[in-house]
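Let me begin by presenting the structure, written as structure tokens, before commenting on it.
Numbering of ligands and ligand atoms starts at 1, following listing order. Source: prediction; values computed, not measured.
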Amino acid sequence: MTLAPPAAGRREEVRVSYEVLLTETAAFLARLGVPAGRARLAAEALCYGDLTGMDSHGVFNLGRLYRPLLESGGADPVAEPRIRRDLGACVLLDHRRALGLWAASEAMDLAVGRAARHGIGLVSVLGGTHFGCAGVHARRAAERGMVGVVASNCGGQRIARPPLGAAALLGTNPLSVAAPALPGRPFVLDMSTTVVPTGRVRTAARDGREVPGGWLTDDAGRPVTDAAAFDRGEAWLGWLGGGPETGGFKGFGLGLAVELLAALLPGAASGPAPAALEGDGRPGGSDDDIGFLVLAISPGMLRDGFAEDARRMFGTVLDCPPLPGRGPVRYPGHPEAERAEACRASGVALPASLHAELSGLGLRLPALEESR
Ligand SMILES: NC(=O)c1ccc[n+]([C@@H]2O[C@H](COP(=O)([O-])OP(=O)(O)OC[C@H]3O[C@@H](n4cnc5c(N)ncnc54)[C@H](O)[C@@H]3O)[C@@H](O)[C@H]2O)c1
């Protein structure tokens, strides 16, 4: 994630109003057939990436991913999710190819409603499509004083191979845990279980930047810093933790845990299927029929004082003294909330190439100021 202040960067940027970006993105999705209210919810989920600095999952993906997804029928713009089984606290929900950007948020709202009644609400989703940032959906629970957990597999898409393995089996399988913390600054852990999502490699390739040594390796396991090597099929994405010697089994294990909770549970498509072992082991498979884990927990129904204790705990993290010349110390979600506040006030800086691409798609995004 880019945590640089929203104002500056070495690349050419165009600053646009967040509200205009949101409205134009919603209008674009509506032109692709998504009903207006859900197009707005989807746009909020997509622009959250740009607002918080998780720009690998922001409007960068509008023309590259969501437009072809909707135009090809991979996502059905007017799909209506259907409950397949309802146990009260537990729901099995078929998204029926609904656009994940809005449908995962609605699934969390359903989970929150169930948690308000039962203390816990689990919505296990199959038939899903790409939902963008996991954290934008998880934090909906935190906004209602609850703990939210969201995870997604990548359907049958296989990108990363197990440590010591020669065939790609799993996607980048994101995971998010959100909870109330300090006012206006919820805890939002939001991450891929691979060392980075593919979008971060692709944004680096787009900007002509090298990637750090731990992100990609070649067939022999040597570090690769050329970001474009990934899409040329010459480099592999690593796991959180790195190689087998530095904790990579933990990232891989987390990726498998997400596959289990998000896909095996509802019966969605899964990466580690026998077909994965039939070809040359290279990345492949389709991201149809994605599975989501959407969980809300209501701490207030278990005991009093959770919110105060959370404020104290996360406040203590903020008070941690920084190393000399480093810091400040923050908890996950805090820097994103700060950045979002700044972007709402003074605009979102888009790379000039992305701004031109979005303009080509028909979004009207007047520059607040031309920067570098
Ligand atoms: N839909 C999908 O298939 C898919 C797949 C992979 C990733 N993603 C999404 O991509 C986005 C980016 O993922 P990522 O792995 O690049 O995340 P990241 O590396 O940018 O951030 C990971 C975590 O580190 C925390 N963090 C970063 N800097 C911090 C600091 N200074 N202090 C405290 N905490 C800090 C963040 O709050 C975040 O919770 C996420 O929203 C994720 O859900 C989606």
Got an N/O contact under 3.5 Å between [X] and ligand 1?
| X | result |
| --- | --- |
| Ser152 | no |
| Arg200 | yes |
| Pro197 | no |

Taking atom 10 (O) of ligand 1 as the point of reference, which of His57, Met191, Met54 owns the nearest heavy atom?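 The option holding the nearest heavy atom is His57.
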
Contacts of Arg311 that satisfy side chain to side chain donor-acceptor pair (under 3.5 Å) - sequence neighbours left out: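 Residues passing side chain to side chain donor-acceptor pair (under 3.5 Å) with Arg311: none at all.
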
A quick test of your reading: do over 12 heavy atoms of other residues, nucleotides or ligands sit less than 6.0 Å from [atom1] of [X]?
| X | atom1 | result |
| --- | --- | --- |
| Arg303 | CZ | yes |
| Arg330 | CZ | yes |
| Arg31 | CZ | yes |

Look at ligand 1 and say whether [X] reaches it with a heavy atom at a distance under 4.0 Å.
| X | answer |
| --- | --- |
| Asp190 | yes |
| Pro335 | yes |
| Gly132 | yes |

Find all atoms of ligand 1 within a distance of less than 4.0 Å from any non-hydrogen atom belonging to [X], and give their numbers and elements.
| X | value |
| --- | --- |
| Gly333 | 37 (O) |
| Phe131 | 1 (N) |
| Pro332 | 33 (C), 34 (N), 37 (O), 39 (O) |
| Cys133 | 41 (O), 43 (O) |
| Arg330 | 32 (N), 33 (C) |
| Leu189 | 39 (O) |
| Thr172 | 5 (C), 6 (C) |
| Glu336 | 36 (C), 37 (O) |

Less than 4.0 angstrom from a charged side-chain N to a carboxylate O is my criterion; do Arg38 and Glu106 meet it?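 Result for this pair is yes, salt bridge flagged.
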
Salt bridge check: are Arg140 and Asp109 linked by an N-O gap of less than 4.0 Å?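 Answer for the salt bridge query: yes.
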
Any idea which part of His334 is under 4.0 Å from ligand 1, heavy-atom wise: side chain, backbone, both or neither?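 None of His334 does.
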
Does only the side chain of Val188 get under 4.0 Å from ligand 1, or the backbone, or both, or neither? Count heavy atoms.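 Looking at Val188 and ligand 1, just backbone atoms fall under 4.0 Å.
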
Parallel under 30°, tilted from 30 to 60°, perpendicular over 60°: which one fits the rings of Tyr331 and Phe314?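 Tyr331 and Phe314: tilted rings.
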
Please check if the side chain of [X] supplies one atom and the backbone of [Y] the other of a donor-acceptor pair under 3.5 Å.
| X | Y | answer |
| --- | --- | --- |
| His95 | Ala107 | no |
| Asp289 | Ala269 | yes |
| Thr52 | Ala340 | no |
| Arg97 | Gly73 | yes |

